Amino acid sequence: MIVKKGGNRIDSKHLEELTKTIAERNGTTPEAVRREMEAARNSAWDTDDSSARGRQKVLFPAGKPQLSEFLEVIAKEIKKA
């Protein structure tokens, strides 16, 4: 799930629609968009930065999140900033 404007959550169907829209706007496929999102999450997760690792433990105490959870939490954090 990710958060839409107004705090409403988006289920996996809406996440698919979002990746499709991003793909159309960028001349690529939804699968490529999802792969890039997963690569970004993996890159963030695999960092050696101790500060980032500490933040991950706070934001994701259960460990490496699913992509939808990662996007939801990151969206909330960006909204706070």
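Because the structure is predicted, anything quoted here is derived from the model rather than measured. Index from 1, following the sequence.
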* With sequence neighbours left out, which residue pairs that include part of residues 31-52 fulfil the ring pair (Phe, Tyr, Trp, His ring centres under 6.0 Å) condition? -> Trp45-Phe60

* **Residue pairs fulfilling ring pair (Phe, Tyr, Trp, His ring centres under 6.0 Å) with at least one residue in residues 15-35, sequence neighbours excluded** => none

* Cluster link Val73 to Val58, ILVMFWY, side chain under 4.5 Å -> no

* Asked: Does Arg41 have any salt bridge (charged side-chain N to carboxylate O under 4.0 Å, His left out) partners at least two apart in sequence or in another chain, and if so, which?
  -> none

* To do: For Lys80, enumerate each residue passing the salt bridge (charged side-chain N to carboxylate O under 4.0 Å, His left out) test, keeping only those at least two apart in sequence or located in another chain.
  => Glu77

* Would you indicate whether the side-chain heavy atoms of Arg34 and Leu15 approach each other to under 4.5 Å? => yes

* **side chain to side chain donor-acceptor pair (under 3.5 Å) involving Lys20 - partner list, sequence neighbours excluded** => none

* To do: Under the side-chain contact (heavy atoms from CB on, under 4.5 Å) rule, collect the residues that match up with Gln66, sequence neighbours excluded.
  => Ser68

* Mind checking the CD-CD1 spacing from Glu69 to Ile74? Nearest 0.5 Å is all I need. => 10.0 Å

* Structure fact -> Residue set satisfying side-chain contact (heavy atoms from CB on, under 4.5 Å) with Ala44, at least two apart, ordered chain then number -> Phe70

* Asked: Quick one: side-chain contact (heavy atoms from CB on, under 4.5 Å) partners of Asp49, sequence neighbours excluded?
  -> Thr47, Ser51, Ala52

* To do: Any chance you could measure Glu36, atom CD, to Thr19, atom OG1, to the nearest 0.5 Å?
  => 13.0 Å

* Asked: What residues form a side chain to side chain donor-acceptor pair (under 3.5 Å) with Asn26, not counting sequence neighbours?
  -> none

* Does Ser43 use its side chain to pair, donor to acceptor, with the backbone of Ala39 at less than 3.5 Å? -> no

* Structure fact -> Hits for side-chain contact (heavy atoms from CB on, under 4.5 Å) against Ala40, two or more places apart or cross-chain, chain-then-number order -> none

* Taking only Lys NZ, Arg NE, NH1 and NH2, and the carboxylate oxygens of Asp or Glu, determine whether Lys76 and Glu72 approach each other closer than 4.0 Å. => yes

* Starting at CG of Leu71, measure out to CD of Glu38 and round the result to the nearest 0.5 Å. => 9.5 Å

* Asked: What pairs of residues pass the ring pair (Phe, Tyr, Trp, His ring centres under 6.0 Å) test when at least one of them lies in residues 15-41, not counting sequence neighbours?
  -> none

* For Ala23 and Pro30, which heavy atoms make the closest approach, and how far apart are they? -> CB-N, 3.5 Å

* Nearest 0.5 Å please: distance from the OG1 atom of Thr29 over to the CD1 atom of Ile22. => 12.0 Å

